[in-house]
Number of protein chains: 2
Amino acid sequence: MSLDINKISVKNSLTSCFGTALESINGGDEFLALLANNADEVHIDSHDYLLNEGESADYVFIPISGSVMLERTASNGARQVYAFLFTGNILGLSTSSIAKYNYSAKALSDLTAIRINRQVLEEFFKRALDIGKKYHTRTEVVLSAMLDHLFVMGQRTAHQRLAHFLLDMENRLFCHKGQYNLPMSRQDIADYLGMTVSTACRGFTALKKKGWISISSNSLIIINDRDAMTHYITD
Amino acid sequence: MSLDINKISVKNSLTSCFGTALESINGGDEFLALLANNADEVHIDSHDYLLNEGESADYVFIPISGSVMLERTASNGARQVYAFLFTGNILGLSTSSIAKYNYSAKALSDLTAIRINRQVLEEFFKRALDIGKKYHTRTEVVLSAMLDHLFVMGQRTAHQRLAHFLLDMENRLFCHKGQYNLPMSRQDIADYLGMTVSTACRGFTALKKKGWISISSNSLIIINDRDAMTHYITD
DNA sequence: CGAGCCCTTGATGCATTTCAACGAATGTGG
DNA sequence: CCACATTCGTTGAAATGCATCAAGGGCTCG
């Protein structure tokens, strides 16, 4: 149970997660000390689960390398993907304090993450209110993202939703010149956007035929005409 | 700026909102005193807005009579309804602490609500941690509801979504014997479930023809066969 | 009692799913 | 390193669900 808080990757993820270097916040140093003693670094193989829906929500995770997918599967096998998370995002907080996770989290690649005990975290926040507030703000950011996703799901056609998704990924993945690798499968994308794999594929092909994107190795996306796509998704 | 915390309707709404009588929580009496001095009771006419997307998020509301709809409208006029709220629900919290509302809230009927200043509320939570925790749990409940909504939106056919909605309303509205009045219009329902008014109407007709529901005065719904509907929505 | 809005329903066309086939990519054991 | 098995991505054809457009009926309120 110990975390090397001086490791660059750890520092970067925490900074990215809280929106600012922890040292610069009131109580930040104390928080780092807490993490050093009460958090640890876990490694998850690709396709394995960090946490499962229904499990007691004991931990909060912050990925420091790799990416994660949040999903829920119904008894009939229908799956909804809620979100894709990357380095510096946070997961495990969207559940009421004592209860169970209400989704599962799956590693899309080999993953390294900071794992923190929820109980310890919340006890700490009672003493360090500035940090606590920053933390609770994260929950609200997640909620805000869900609202955006819900809006997209309710309003647009399948191909528009896909275009929206590709632009969103461009913003959230660390990439240059509108070129990036999608870490998730077509099926994952389809389940995220509420469509079938076929429709997702046809969407990719349609955007390619319009010349707005290029696809090299199935996962390497190049955005050619951002303006056209932006215009397209806003009708 | 003063609220009568001894009024039955106010007491009931607060109890329902926090899941327990405030007096029974550590710091609850102090919280009630705060509300008495820093909250007030507002009245909103039907179809008027409690708050608008983009406005500074200065207040939190708890309806004590009437119902509310949360919505967002895009520049192209497309609207997504996020939620319907009733007595004892809370709204205004799903936004990061200093920022703006990210949806609008419209009264579906003549409405009475408790209005509380966010700033005052959050300052208080720094001192009364048990109350603060209960409050933050509310945010998580909202998030949890959003996840459920998103799941429904992504998975089911229009008619299944409608059936799901009618069962959900039965649970949330205060009704007996599976009979209740819908406070919102067909258009509102359609925008909530991501379909057109036509489709929503056809859905009502289809459920009626199957004998699962009855409709008297357009807004009076009677659930005849809950089991059949439950089975229907789970495929 | 009339005007206007909301609800309902029909006809048509388009978007998406479904079912199925095939090629491309990926992994595995010989 | 190759042959094979397997999964993943793409595409076609048919069927279906849903949106759109349009009209008519019912409710509500001045």
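Numbers restart at 1 for each chain; the letters A, B, ... are given by sequence-line order, proteins then strands. Please read all numbers here as calculations on a predicted model, not as lab measurements.
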Quiz item: Hey, what do you get for CD1 (Ile114(B)) to CD (Glu41(B)), rounding to the nearest 0.5 Å?
Solution: 7.5 Å
Practice problem: Five pairs at each end of the helix from dC1(C)-dG30(D) to dG30(C)-dC1(D): take the axis at both ends and give me the angle between them to 10°. | Solution: 50°
Exercise. Tell me which nucleotide among dG12(D), dT20(D), dC7(C) gets nearest to the side chain of Arg202(A).
Key: dG12(D)
Quiz item: What nucleotide, of dC18(D), dT16(C), dT10(D), holds the atom closest to the side chain of Val197(A)?
Solution: dT10(D)
Exercise. Within residues 211-219 of chain A, find the residues that approach DNA chain D with a heavy atom at under 4.0 Å, and present them sorted by residue number.
Key: Asn218(A)
Practice problem: State, with a plain yes or no, whether a side-chain heavy atom of Ile213(A) is found less than 4.5 Å away from one of Phe204(A). | Solution: yes
[X] side chain near [N] phosphate (N/O to OP1/OP2, under 4.0 Å):
| X | N | result |
| --- | --- | --- |
| Arg186(A) | dT10(D) | yes |
| Ser198(B) | dC21(D) | no |
| Thr196(B) | dT20(D) | no |

Rounded off to whole Å, could you give me the [atom1]-to-[atom2] distance for the [X] and [N] pair?
| X | N | atom1 | atom2 | result |
| --- | --- | --- | --- | --- |
| Asp191(B) | dA19(D) | CG | P | 11 Å |
| Lys208(A) | dT10(D) | NZ | C1' | 8 Å |
| His159(B) | dG17(D) | NE2 | P | 9 Å |
| Leu220(B) | dC27(D) | CG | P | 13 Å |
| Met195(B) | dT20(D) | CE | C1' | 16 Å |
| Leu162(A) | dT17(C) | CG | P | 12 Å |
| Met184(B) | dC6(C) | CE | P | 15 Å |
| Leu207(A) | dG9(D) | CG | P | 16 Å |

Would you say [Y] and [X] are linked by a side-chain donor-acceptor pair, where the criterion is simply a distance under 3.5 Å?
| X | Y | value |
| --- | --- | --- |
| Ser46(B) | Asp110(B) | no |
| Ser2(A) | Asp40(A) | no |
| Thr199(B) | Thr196(B) | yes |
| Thr15(B) | Asn12(B) | no |
| Thr230(A) | Asp227(A) | no |
| Glu71(A) | Tyr49(A) | yes |

Quiz item: For Thr157(B), which contact category applies under a 4.0 Å heavy-atom criterion: base, sugar-phosphate, or nothing?
Solution: sugar-phosphate
Quiz item: What does Thr199(A) touch in the nucleic acid at a heavy-atom separation under 4.0 angstrom: a base, only the sugar-phosphate, or nothing?
Solution: base
Quiz item: Does the ring centre of Tyr192(B) sit less than 6.0 Å away from the ring centre of His149(B)?
Solution: yes
Quiz prompt | Main-chain N/O of Arg156(B) paired with Arg161(B) side-chain donor or acceptor, under 3.5 Å | solution = yes
